[in-house]
Amino acid sequence: MTKFSFHLESTYAELPEVFFSKLSPTPVNQPEMVIFNQSLADQVGLNLGKLSIEERTKFLCGNQLPHGTEPFAQAYAGHQFSNFTILGDGRAIVMGEHLTPSGQRIDLQLKGSGRTPYSRGGDGRAALGPMLREYIISEAMHALGIPTTRSLAVVSTGEKVFRETELSGAVLTRIAGSHIRVGTFEFASLQQDKRITEALLDYMIDRHFPEIKGKENKVLAVIEAVIDQQAALITHWMRVGFIHGVMNTDNMALSGETIDYGPCAFMDTFAPDTVFSSIDHRGRYAYANQPYIAQWNIARLAESLLPLIDGKREEVIATVEDLLNSFEQVYKSKWLTMMGSKLGLTEVSIKDEKLITDLLDWMHNNSADFTNTFRDLCKKLPGGELYESETFQNWFARWQNRLKKEKQELETSYVLMRSLNPAVIPRNHKVEEALQAGEKGDFEPLYALLHAIEKPYQDGEHLLPYQSPPRPEEKVLQTFCGT
Ligand code: AMP
Ligand code: MG
C-alpha cells in the first residue's frame, strides 16, 4: 500500500448535500505520466517525492488515493451562451483540499476522471489534446502574472475517447483556490431555500473573502469585492490579448482565477472582435466583449443572492443595480491604468485615453501583431517597415512627448513596460503543433513550448521560433472545446 505523506480534507462536503455527490474516480487502464509540474508541487508543499513514479502516476489519474480521502463531484448550474442549464462536474472529481505551507486551502481536482451523476450524456472522459492545452495555457497565464488555476500533471490513460474521431484519453490534475463558480450560486438559489445559499456564501467568504466576515451587509460586500476581482482579472486578459472563449457563468470562478481552458487562445493580429471558439457563432465572447460579459455574469450572481438581502424589494434592487453599474467605472479605471502602464506611464489620467486608443486603432487598421507591437515599443526605437508610416510616426512622437512629462526617469518607464508586455505568448499555431505531436506520442514540441513560455518577460534567442505570428497557412481560426 502506498504511503502518502499528506492528507486531503473535504470541507466542501460539509455544505448541504445538494452541492455535491461523493464518489471515486473511475480507474483507468494503462496510466502513463505525460507531464508533471514539479515546481508547482514544491510551491504548494505537496510532497510526492516519497512516491515512486508508478505510485505518483496512479495517484494523479485517480487509480489510488490517500487513505481516508473523500472525493466528490460538485453540483452547479450556469448560463451557457445566456441559456440557463443545470450542470455539475460531469467529468471532474475533487480529490480533496490541501493546505499549502502559507495556509491557503487549495482544491486538487481530476479532470477526465470518469462519469458522475452530472455527466448527462457524456462519457466523463477527456482527450489528451484539450488537457495538454489546459496545461500549457494555465501555466503560461501563471508565468504572465495572471490569476489562474494551475496544472499539476497530465496522465495518459491508455484508453481511447470517441469525439469526431478516436483520440487518446488523459486525466489532468488541476489545482484551484476553489471550484466555486457563479453557477454554484445559481444552483443554490434554485433550491428556493435561503439557508442553502447562505451556507455557500459563508463558506466562500471564509475561503476567499475573509475580510468580509462579520460585516453588516455581507452580500453587498461580496458583490462589490467580486466586481473588483473580476474587473482586475479581465484587465489582465486584455493586457495580454487573451480570449477565454466560453465565459459562461459556470466558467467564472469566485476565487478570481481564470478557469476552464476550453476553446481559449491568445490573439495574434489585433482585432477587437476576435473569436476563436468554434461554438461562438455570434461573437458573444469576443475579445472586446469580455468586460461586458463579466458584468453580465456578476449580475447573475447578484440575482442569486438577492433573497439574502433584507429590506424593501424595490430598494434592495435599486441598491444592487447601482452596485452592478459601478462595474463599468471600476473596470475602466483599471483598464486605463493598465494600458497606460503598458506604455510606461505611471500616473495615467483620462487625458491619456486617446493616446492609448489611437495606438489600438492604428494596430487594428494595420493588422499589427498585439504582442509584438507592445514589445517593440519597449525598444527605444522600434524598427521595421510597419513603423515607418506617417500615422505611426506621429503617434510615436506624441507618446515620446507624453513620456517626458513623467516624474520618474525614462528608464523606469521602460522597465515598467518590459514587465507588462510579454516577449512571448503561447501562440495558437505553436500550441496546435505541440498538441498534434503529442497525440502522436511525440512530446518534444510540448516540452520546448513550455520552456519558451516559462519567463515571458525575458528576451532570449530560444524564443525566436515562438515570437513570429503564424504564416497564413499556419493560422488557427477556430479552437474546440474538446469535450
Ligand atoms: P465545459 O465546457 O468544459 O465547461 O463543460 C460544460 C459542462 O459539460 C460541465 O458541466 C462539464 O462537466 C460537462 N462535460 C464536458 N465534457 C464532458 C464529458 N466528456 N462527459 C461528461 N460531462 C462533460
Ligand atoms: Mg466548465
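For reference, positions follow the sequence shown, starting with 1. Note that ligands are numbered from 1 as they come in the structure, with each ligand's atoms numbered from 1 the same way.
Close contacts between ligand 1 and Arg163 involve ligand atoms 19 (N) [criterion: under 4.0 Å to a heavy atom]. Close contacts of ligand 1 with Gly122, meaning ligand atoms under 4.0 Å from a residue heavy atom, involve 20 (N), 21 (C). Listed by number with element, the atoms of ligand 1 under 4.0 angstrom from any heavy atom of Gly90 are 11 (C), 12 (O), 20 (N), 21 (C), 22 (N). Taking every non-hydrogen atom of Arg120 and a distance limit under 4.0 Å, the qualifying atoms of ligand 1 come out as 7 (C), 8 (O), 13 (C). Within ligand 1, the atoms closer than 4.0 Å to a non-hydrogen atom of Asp260 are 4 (O), numbered from 1 in the order shown.
The closest side-chain donor-acceptor pair between Gln290 and His244, if any, does not fall under 3.5 angstrom. In the model, Glu139 has no side-chain atom that pairs as donor or acceptor with a side-chain atom of Ser151 under 3.5 Å. A donor-acceptor contact closer than 3.5 angstrom links the side chains of Thr11 and Glu97.
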Report task. I would like to know whether Asp42 and Gln38 meet side-chain hydrogen bond (donor to acceptor under 3.5 Å, both in side chains); could you show each step before the answer? Result -> CA-CA 6 Å; Asp42 293 342; Gln38 184 65 56; 3.0 Å; yes
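If you look at Tyr203 and Phe19, their ring centroids are not closer than 6.0 Å. Here the two rings, on Tyr135 and Tyr261, have centers that are 6.0 Å apart or farther.
Distances shorter than 4.0 angstrom occur between a heavy atom of Asn251 and an atom of ligand 1. Within the structure, the closest approach of Gly124 to ligand 1 falls below 4.0 Å when heavy atoms are considered. Ligand 1 lies less than 4.0 angstrom from a heavy atom belonging to Gly88. Contact analysis leaves Arg115 out of contact with ligand 1, as no non-hydrogen atom separation drops below 4.0 angstrom.
Under a cut-off of 6.0 angstrom, the local environment of CZ in Phe81 is crowded, with over 12 non-hydrogen atoms contributed by other residues, nucleotides or ligands. For Glu473, the CD atom is densely surrounded, since the number of other residues' heavy atoms within 6.0 Å is greater than 12.
Under a 3.5 Å cut-off, the side chain of Ser5 and the backbone N or O of Asn47 do form a donor-acceptor pair.
By the criterion of a heavy-atom distance under 4.0 Å, the backbone of Asp89, and not its side chain, is placed next to ligand 1. Residue contacts with ligand 1 for Tyr118 are absent, since no atom lies close enough (heavy atoms, distance under 4.0 Å). Looking at Glu134 against ligand 1, nothing comes within 4.0 Å, counting heavy atoms.
Asp260 contributes OD2 and Asn251 contributes OD1; the angle these two atoms make at the Mg ion (ligand 2) is 80°, rounded to 10°.
The shortest N or O to N or O distance between Leu87 and ligand 1 is not below 3.5 Å. In terms of polar-atom proximity, defined here as any N/O pair under 3.5 Å, Gln80 makes no such contact with ligand 1.
Between the CZ atom in Arg239 and the CG atom in Asn421 there is a gap of 8.0 Å [rounded to 0.5 Å].
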